[in-house]
**Q** 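There's a structure below that I have some questions on.
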There are 2 protein chains.
Amino acid sequence: MPPSKLYIKTKALERLLKEEDYYKKELQDQQKLVNTLKDDKSVDPYELKKHIEVLQDTERLFPSLYQKIDEFKVDLENYLKEFSKDSGVSSVQNESSESAPNTNTEAPTANGHGSLSPIDKVEIETLQPLIDELLQKATLAVKNFNSLH
Amino acid sequence: MPPSKLYIKTKALERLLKEEDYYKKELQDQQKLVNTLKDDKSVDPYELKKHIEVLQDTERLFPSLYQKIDEFKVDLENYLKEFSKDSGVSSVQNESSESAPNTNTEAPTANGHGSLSPIDKVEIETLQPLIDELLQKATLAVKNFNSLH
């Protein structure tokens with residue numbers, strides 16, 4: 001069986017946020033090295049230049065990374081909204097949802113996701129803590145990046 | 001005491017090769033996901049498109065990465081050549097090379113590294129296995145990349 005849409009969307013966002021961690025660490029290490037080299041008068045200008053280029057290569061990764069994080073976050077949020085409409089289960093808060101009534105009888109939204117099966121309800125409850133964490137982290141990451149650029 | 005030039009050059013190449021490992025793994029994972037999505041007829045074209053864009057973002061990292069790996073490799077090799085000239089110690093082969101003659105008598109290169117102190121000799125012997133491994137890996141990586149592009 002192929003992985004579910006929800007699983008793919010969640011893991012995609014998780015992966016981008018792991019990339020962000022990795023790139024940020026890289027940037028930090030390289031910035032530190034460049035600072036050390038700048039302070040050392042015996043360092044070749046050529047060598048310093050090359051290390052600054054490595055730093056710039058890393059810096060260049062961020063705009064498209066944050067754009068992707070934002071897009072994948074919005075896509076996951078939209079999918080969860082649909083789910084909560086289809087099932088009556090709140091997708092943002094955790095719930096012992098046995099008593100949650102299914103009050104929503106709207107038609108599916110236009111982007112082609114149909115009603116979700118009971119399997120998805122179990123899945124969303126399992127993934128919910130991870131999803132909450134990822135959405136929060138993604139929102140903060142994009143906000144921080146936009147406020148600096 | 002600031003880190004030595006040799007240490008910085010070695011660690012810089014090591015770091016780029018670790019980045020290469022990370023990016024290659026990312027590329028592989030993302031390619032696999034894109035293939036899975038392509039095979040699944042129920043996947044939104046929008047979602048597939050977004051995942052192909054993530055793949056392309058990763059692919060775009062490689063040309064400048066391999067260029068940097070090549071530059072840092074050549075810089076480290078040149079530095080080692082100078083060291084072997086200054087000290088009479090073979091820098092490319094391991095130290096069981098007592099019988100290996102030092103045949104390199106070329107003039108120093110133009111990039112301004114002076115004679116190395118006895119401390120550097122100890123350091124180079126410590127770093128030699130790592131350096132050999134990195135130079136070999138870098139040579140292979142650049143060669144593979146160039147043969148494909």
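Just so we're on the same page: letters track the sequence lines, and every chain starts at 1. Values below: all heavy atoms of this structure, side chains included; hydrogens, waters and symmetry mates excluded. These numbers were taken from a predicted model, which means no experiment stands behind them.
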**Q** Look up atom CG in A/L135 and atom CG in A/L140, then write down how far apart they are to the nearest 0.5 Å.
**A** 12.5 Å

**Q** Using heavy atoms and a sub-4.5 Å threshold, report which of residues 11-20 of chain A line up against chain B, by residue number.
**A** A/A12, A/R15, A/L16, A/K18, A/E19

**Q** Determine all donor-acceptor pairs shorter than 3.5 Å in which one atom belongs to a side chain in residues 49-56 of chain B; sequence neighbours excluded.
**A**
{"unit_1": "B/K49", "atom_1": "NZ", "unit_2": "B/E53", "atom_2": "OE2", "d": "3.3"}
{"unit_1": "B/K50", "atom_1": "NZ", "unit_2": "A/E71", "atom_2": "OE1", "d": "3.1"}
{"unit_1": "B/K50", "atom_1": "NZ", "unit_2": "A/E71", "atom_2": "OE2", "d": "3.3"}
{"unit_1": "B/K50", "atom_1": "NZ", "unit_2": "B/E53", "atom_2": "OE1", "d": "3.0"}
{"unit_1": "B/H51", "atom_1": "ND1", "unit_2": "B/Q30", "atom_2": "NE2", "d": "3.2"}
{"unit_1": "B/E53", "atom_1": "OE1", "unit_2": "A/K68", "atom_2": "NZ", "d": "2.8"}

**Q** Measuring heavy-atom distances to chain A, does B/L61 have an atom under 4.5 Å in its side chain, in its backbone, in both, or in neither?
**A** side chain

**Q** Do side-chain atoms of B/K5 reach the backbone of A/S42 as a donor and acceptor pair under 3.5 angstrom?
**A** yes

**Q** With only heavy atoms counted, which part of A/L65 is less than 4.5 Å from chain B, the side chain, the backbone, both or neither?
**A** neither

**Q** Please list all pairs meeting ring pair (Phe, Tyr, Trp, His ring centres under 6.0 Å) that have one or both residues in residues 120-145 of chain A, counting only residues at least two apart or in different chains.
**A** A/Y66-A/F145, A/F145-A/H149

**Q** Begin with the C-alpha distance, continue with both residues' side-chain angles, and end with the deciding distance and a verdict on side-chain hydrogen bond (donor to acceptor under 3.5 Å, both in side chains) for A/Q128 and A/D132.
**A** CA-CA 6 Å; A/Q128 192 73 59; A/D132 288 344; 3.0 Å; yes

**Q** Among all residues two or more places apart in sequence or in another chain, which pass the ring-ring contact (aromatic ring centres under 6.0 Å, His included) test with A/Y22?
**A** B/Y22

**Q** Evaluate the criterion side-chain hydrogen bond (donor to acceptor under 3.5 Å, both in side chains) for residue pair B/N35 and B/Q31; output intermediate values, then yes/no.
**A** CA-CA 6 Å; B/N35 292 344; B/Q31 183 66 66; 3.2 Å; yes

